[in-house]
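Here is the structure we will look at.
Here is the naming used below: chain letters follow the sequence lines, and residue numbers restart at 1 for every chain.
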There are 2 protein chains.
Amino acid sequence: MNIQPPRTRIQRKNTQAILEAALLVFSRHGFRGATLDQIAAAAGLSKPNLLYYFPSKEAVHVTLLSQLMDTWLDPLREMDPDGEPVEELLGYVRRKLQMSRDFPRESRLFANEILQGAPRMQEVLATDLRKLVDEKVTIIRGWAAAGKIADIDPHHLIFSIWALTQHYADFDVQVRAVLGEDRDPFAEAETFLRTLFTKLLRP
Amino acid sequence: MNIQPPRTRIQRKNTQAILEAALLVFSRHGFRGATLDQIAAAAGLSKPNLLYYFPSKEAVHVTLLSQLMDTWLDPLREMDPDGEPVEELLGYVRRKLQMSRDFPRESRLFANEILQGAPRMQEVLATDLRKLVDEKVTIIRGWAAAGKIADIDPHHLIFSIWALTQHYADFDVQVRAVLGEDRDPFAEAETFLRTLFTKLLRP
DNA sequence: TATTGTTTTGACCATCTGGTCAAGATCACG
DNA sequence: CGTGATCTTGACCAGATGGTCAAAACAATA
């Protein structure tokens with residue numbers, strides 16, 4: 001039972017290492033597929049030592065997920081109601097794609113959780129996430145009403161951004177298998193997605 | 001070790017029940033997250049009885065995946081080189097979305113496998129899937145060259161179809177949490193995706 | 001250096017899980 | 001029926017896994 005801000009230097013270092021390792025292992029194998037031994041080893045600790053910092057496997061997972069939710073929604077939060085509509089939306093797409101490129105493990109951790117029916121997140125999805133989305137949906141609807149962008153369903157517009165950007169992280173293996181070794185999926189995706197959303201949003 | 005076409009009536013019935021149950025359990029919990037007891041119970045059998053029909057947990061999973069691969073690619077195979085380009089592509093999108101609606105467990109099973117790095121499918125992806133995609137990519141390129149559709153990267157066009165349609169099956173929980181109870185995600189998605197791809201493909 | 005609080009670990013435990021096996025129940029067919 | 005083949009199951013096993021604990025190692029501070 002350790003309090004929120006780790007007090008000592010050692011605690012800070014080790015909890016950090018554990019979360020780092022857990023992210024790696026959970027994102028590849030899912031919650032049940034990951035073992036404490038694996039995580040401990042990846043963090044350079046023994047299993048009992050890991051359990052000195054977190055009370056249970058579940059606790060590590062929960063900590064990871066709640067930390068994730070924050071950073072995960074940042075790109076959407078940044079969308080500015082007063083900006084140039086098309087620019088704002090394309091910016092969101094670009095930031096989200098960058099997150100897929102730079103934080104693929106986080107993306108897969110999230111995907112794993114949702115795939116299993118979101119047993120540990122349904123609450124957050126139905127409250128926090130929904131509220132944030134509703135907020136942005138209103139903004140987008142306003143833009144459409146003002147004729148700044150095409151009149152399309154804002155919810156599904158957001159879904160399409162999520163689906164298209166996360167696909168490159170979550171299905172990375174498949175994308176690379178199909179494209180072959182010599183291509184850079186993320187570089188190409190950036191161009192492609194800019195084109196796609198430009199066409200979609202044009203009034 | 002039982003041969004391909006189950007001989008007796010009972011064998012046919014039970015292998016069927018096992019695969020059905022395994023699909024349900026594997027798609028929700030992933031390979032390691034699923035237990036033989038769970039699958040056996042869902043199939044209405046005892047664990048040793050299940051193992052009478054399949055030599056191991058792995059064998060059930062592999063059987064499921066290889067059966068899946070076939071039906072999974074059918075919609076893409078159906079795309080006709082001699083058809084009207086835009087119609088063919090929109091038809092593919094429609095069929096793929098229907099599969100997400102009608103076979104969400106299959107979609108999640110597949111997603112789970114890819115998320116874990118496709119340990120049991122990398123081979124098939126890099127050979128069969130890649131070959132099929134390359135074939136269709138050539139066709140699409142032809143359509144673009146002939147000015148029948150916009151000049152966009154065919155690989156990423158296909159990825160975008162996969163991402164957008166499978167999202168509604170794999171992230172169903174999230175979609176419903178955000179949309180609320182009273183909406184029909186798949187019905188709305190059909191309209192939205194028709195609009196999206198119509199705009200994208202217009203030369 | 002002595003003392004106190006923090007960190008680490010080896011040994012251990014209970015439970016779960018994939019899988020085996022021999023014996024019994026059921027079925028198909030002459 | 002009767003008999004051989006197919007099907008089913010309870011009991012069991014070995015290894016893995018999440019978690020505990022007491023004692024040892026270490027750090028910090030006086």
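Applying the salt bridge (charged side-chain N to carboxylate O under 4.0 Å, His left out) test to Arg176(B) and every residue at least two apart in sequence or in another chain returns Asp172(B). Evaluation of the salt bridge (charged side-chain N to carboxylate O under 4.0 Å, His left out) rule for Arg105(B) yields Glu20(B) as partners, not counting sequence neighbours.
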Give every pair of a protein N or O atom and an N or O atom of nucleotides 5-7 of chain C that lie under 3.5 Å apart, one pair per line with the distance.
unit_1, atom_1, unit_2, atom_2, d
dT7(C), OP1, Thr8(A), OG1, 2.6
dT7(C), OP2, Gln11(A), NE2, 2.8
dT7(C), OP2, Tyr52(A), OH, 3.0

Detail all sub-3.5 Å separations between protein N/O atoms and N/O atoms belonging to nucleotides 15-25 of chain D.
unit_1, atom_1, unit_2, atom_2, d
dT17(D), OP1, Arg32(B), NH1, 3.2
dT17(D), OP1, Arg32(B), NH2, 3.3
dG18(D), OP1, Ala34(A), O, 3.3
dG18(D), OP1, Lys57(A), NZ, 2.9
dG18(D), OP2, Leu36(A), N, 2.8
dG18(D), N7, Lys47(A), NZ, 2.8
dG19(D), OP2, Lys57(A), N, 2.8
dG19(D), O6, Lys47(A), NZ, 3.4

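Contacts classified as ring pair (Phe, Tyr, Trp, His ring centres under 6.0 Å) and involving residues 173-195 of chain B (residues at least two apart or in different chains) are given here: His156(A)-Phe192(B).
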With salt bridge (charged side-chain N to carboxylate O under 4.0 Å, His left out) as the test, would you mind laying out the steps for Glu84(B) and Lys148(B) before giving the verdict? CA-CA 9 Å; Glu84(B) 165 57 31; Lys148(B) 301 285 193 182; 5.4 Å; no
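Because its NZ or CZ atom is both nearer than 6.0 Å to the ring centre of Phe31(A) and within 45° of the ring axis, Arg120(A) counts as a cation-pi partner of that residue.
Aromatic ring orientation, Phe159(B) versus Tyr168(A): perpendicular (interplanar angle above 60°, classes split at 30° and 60°).
Scanning all heavy atoms of the two residues, the minimum distance from Ile161(A) to Thr165(A) falls at O-OG1, 2.7 Å. Closest heavy-atom contact between Met99(B) and Thr71(B): CE-O, 3.7 Å.
Using a 4.0 Å cut-off between a side-chain N of Lys or Arg and a carboxylate O of Asp or Glu, Lys131(B) and Asp128(B) do not qualify as a salt bridge. Salt bridge annotation for Arg183(B)-Asp153(A): present, with a cationic side-chain nitrogen under 4.0 angstrom from a carboxylate oxygen.
Here dC16(C) presents its C1' atom at 15 Å from CD1 of Ile39(B), a figure rounded to the nearest Å.
Heavy-atom distances under 4.0 Å link DNA chain D to no residue of residues 18-29 of chain B.
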